[in-house]
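So the structure is just underneath, and the comments pick up after that.
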Amino acid sequence: MLYYLFEYLDKTLDVPGTGVFQYITFRSALAFLLSLLLSTIYGKRIIRFLQRQQVGETVRELGLAGQNEKAGTPTMGGLIIIFATLVPVVLFAKLHNIYIVLLIVTTLWMGTIGFIDDYIKIFKKDKEGLKGIFKVFGQVGLGLIVGIVLYFSPAVTVRTDTGKSDIFREPTETVILPAPVEEKSTVTTIPFFKNNEFDYAELLAWTGEGYEKWAWLIFIPVVIFIITAVSNGANLTDGIDGLAAGTSAISVLALGIFTFVSGNIIFSNYLNIMYIPNSGEMTVFIAAFVGSLIGFLWYNSYPASVFMGDTGSLTIGGIIAVLAIAVRKEMLIPLLCGIFLVENFSVVLQVSYFKYTKKRFGEGRRIFLMSPLHHHYQKKGYHESKIVTRFWIVAIMLAILSIVTLKLR
């Protein structure tokens, strides 16, 4: 809202200094600072409200050190993240931007699913929460919305010919180049490859001429799968104090770099990467989101005063997935969100191996002492803080390696 106010003051009334709101970097900085303040200052009030409502965590006996002390700790802390993200976005972002609209819808949609799940667990005394099938329906519904909008909206375009631009050409040179073309496309980026652009439509080339118009048959299911997988991965990672919030902040910060350079014609030209018009505005959302995650860590770091619950973890996963898809970096998710992947994979391996050995030997056996993976290390006697810090270090390494893919091909 403030963006439109200052745009009016600048262009209509010509008030000096108001043009600074046109810069994404300035609005991103304000969004980060406001989000950080909101999550740290008002976060305490939200925690007290949750305590008054007796929104306490019910802890299952898993034989983990320090587990019983966490009983009664307020959950649904994801409300802090959602609140501290959306307020700065509404104030400082261009609300007519298609990517901002999608991210706001994602935040509210996944936040609602997570809230219902937490509500059932706490107030209905049902430890299972929202039935898995309904969670999946919600995730698939969001995937359909995101996929349809990204595929069919005329506001979503890309430009892949940035390497032919004359931005850095000497002014004395006279070269006639074709006009730049911004087009609808399902092209994405394959990391570590020199010619790293891949079009989902190519998977239908065998069908013959005109196959491009059926690309949505591939693109939309891919979007649904990614959103479902990443949101569930974030949900599984939320198991010990500060783990999900910290690793997510690192991954989102890396996505912010991708978003900024992909939405800037000069940087995309220099790096010879895909230029995505209007996507740079997502940097404002990302700044607010990172600020809210860091502010949430003020209360969620060991020993946690509040847990994010599914309200937070599902929202985080959904946002990361949509950001990666929008900036055409979804194939980097296994690397960038490697912590989510390993946590998810550890559960799949554990359950699959247990069922296999039970069927074959009559007794279920385990690969890990306990899954997800962070609980395995807890069972081995590692303190929560040590596990979280080391997972953060790994997340930082993965984020740096992901950023390096901009030039390492």
Side-chain angles (χ1 to χ4, degrees), residues 57-71 73 75 114 117-118 120-121 125-136 139 225-226 228-248 250-251 300 302-304 307-310 312-314 316-317 320-321 333-395 397-398:
E57 181 75 7
T58 301
V59 178
R60 290 184 297 173
E61 181 54 52
L62 300 174
L64 299 172
Q67 181 188 19
N68 293 329
E69 287 82 350
K70 296 185 178 185
T73 302
T75 187
D117 186 55
D118 288 335
I120 293 173
K121 289 178 182 176
K125 307 301 180 183
D126 184 352
K127 294 181 180 180
E128 297 301 319
L130 185 65
K131 299 299 182 183
I133 188 66
F134 294 114
K135 278 188 184 178
V136 171
Q139 292 162 334
F225 172 77
I226 292 171
T228 303
V230 178
S231 57
N232 285 330
N235 195 20
L236 287 172
T237 305
D238 179 34
I240 52 180
D241 302 347
L243 180 58
T247 53
S248 298
I250 294 165
S251 299
N300 186 239
Y302 182 86
F307 301 136
M308 67 170 65
D310 282 16
S313 60
L314 289 177
I316 288 172
I320 290 176
I333 288 178
L335 178 63
L336 181 60
C337 300
I339 298 296
F340 292 175
L341 177 66
V342 170
E343 294 275 55
N344 219 336
F345 196 50
S346 69
V347 174
V348 174
L349 278 177
Q350 185 88 320
V351 173
S352 300
Y353 187 71
F354 185 87
K355 289 182 177 179
Y356 168 75
T357 53
K358 188 173 184 179
K359 183 178 180 180
R360 182 167 183 178
F361 304 109
E363 180 185 10
R365 301 175 185 177
R366 293 175 172 82
I367 299 173
F368 306 102
L369 296 177
M370 188 175 177
S371 65
L373 188 61
H374 57 263
H375 287 324
H376 169 77
Y377 290 110
Q378 280 186 285
K379 284 283 191 179
K380 293 189 73 172
Y382 289 91
H383 192 274
E384 281 191 42
S385 296
K386 184 181 287 290
I387 298 170
V388 170
T389 302
R390 289 182 175 178
F391 273 52
W392 285 0
I393 292 171
V394 173
M397 294 169 59
L398 294 175

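As a basis for the values below, the full set of heavy atoms in this structure was taken, side chains included, without hydrogen atoms, waters or symmetry mates.
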Problem - Under 3.5 Å donor-acceptor, D238 side chain and A244 backbone - result: no
Handout entry: V388 vs I240 side-chain heavy atoms within contact, under 4.5 Å
Key = yes
Fill in the blank from the handout: The reported gap from CG in L314 to CG in L130 (rounded to nearest 0.5 angstrom) is 9.0 Å
Quiz: residues 357-370 side-chain donor-acceptor pairs under 3.5 angstrom, not counting sequence neighbours:
{"unit_1": "T357", "atom_1": "OG1", "unit_2": "Y353", "atom_2": "O", "d": "2.8"}
{"unit_1": "T357", "atom_1": "OG1", "unit_2": "F354", "atom_2": "O", "d": "3.1"}
{"unit_1": "T357", "atom_1": "OG1", "unit_2": "R365", "atom_2": "N", "d": "2.7"}
{"unit_1": "R360", "atom_1": "NH1", "unit_2": "Y356", "atom_2": "OH", "d": "2.5"}

Practice task
Please step through side-chain contact (heavy atoms from CB on, under 4.5 Å) for the pair Y382 and R390, ending with a clear verdict.
Solution key: CA-CA 11 Å; Y382 289 91; R390 289 182 175 178; 3.6 Å; yes
Exercise for the section: Indicate yes or no for a side-chain donor-acceptor contact from W392 to the backbone of I250 under 3.5 Å, with no hydrogens or angles considered. Expected result: no
Exercise for the section: Let me see the working for T75 and K121 under side-chain contact (heavy atoms from CB on, under 4.5 Å), right down to the final yes or no. Expected result: CA-CA 10 Å; T75 187; K121 289 178 182 176; over 6 Å; no
Completion exercise
Rounded to the nearest 0.5 Å, the CG atom of D241 sits from the OG atom of S385 at a distance of 8.0 Å
Problem - Spacing of OG1 belonging to T389 relative to CG belonging to L243, to within rounding of 0.5 Å - result: 10.0 Å
Donor-acceptor contacts, no H, no angles, side chain residues 333-347, under 3.5 Å, sequence neighbours left out:
{"unit_1": "E343", "atom_1": "OE1", "unit_2": "L373", "atom_2": "N", "d": "2.9"}
{"unit_1": "E343", "atom_1": "OE1", "unit_2": "H374", "atom_2": "N", "d": "3.3"}
{"unit_1": "E343", "atom_1": "OE1", "unit_2": "H374", "atom_2": "ND1", "d": "3.4"}
{"unit_1": "E343", "atom_1": "OE2", "unit_2": "H374", "atom_2": "ND1", "d": "2.5"}
{"unit_1": "S346", "atom_1": "OG", "unit_2": "V342", "atom_2": "O", "d": "3.4"}
{"unit_1": "S346", "atom_1": "OG", "unit_2": "E343", "atom_2": "O", "d": "2.7"}
{"unit_1": "S346", "atom_1": "OG", "unit_2": "L373", "atom_2": "N", "d": "3.1"}

Exercise for the section: Would you give the length of the straight line joining atom CD1 of I120 to atom CG of D310, rounded to the nearest 0.5 angstrom? Expected result: 10.5 Å
Practice task
Flag the pair K135 / N235 as yes when at least one side-chain heavy-atom distance between them is below 4.5 Å, and no otherwise.
Solution key: yes
Fill in the blank from the handout: Output for pair (N232 CG, T237 OG1), nearest 0.5 Å, gives 10.5 Å
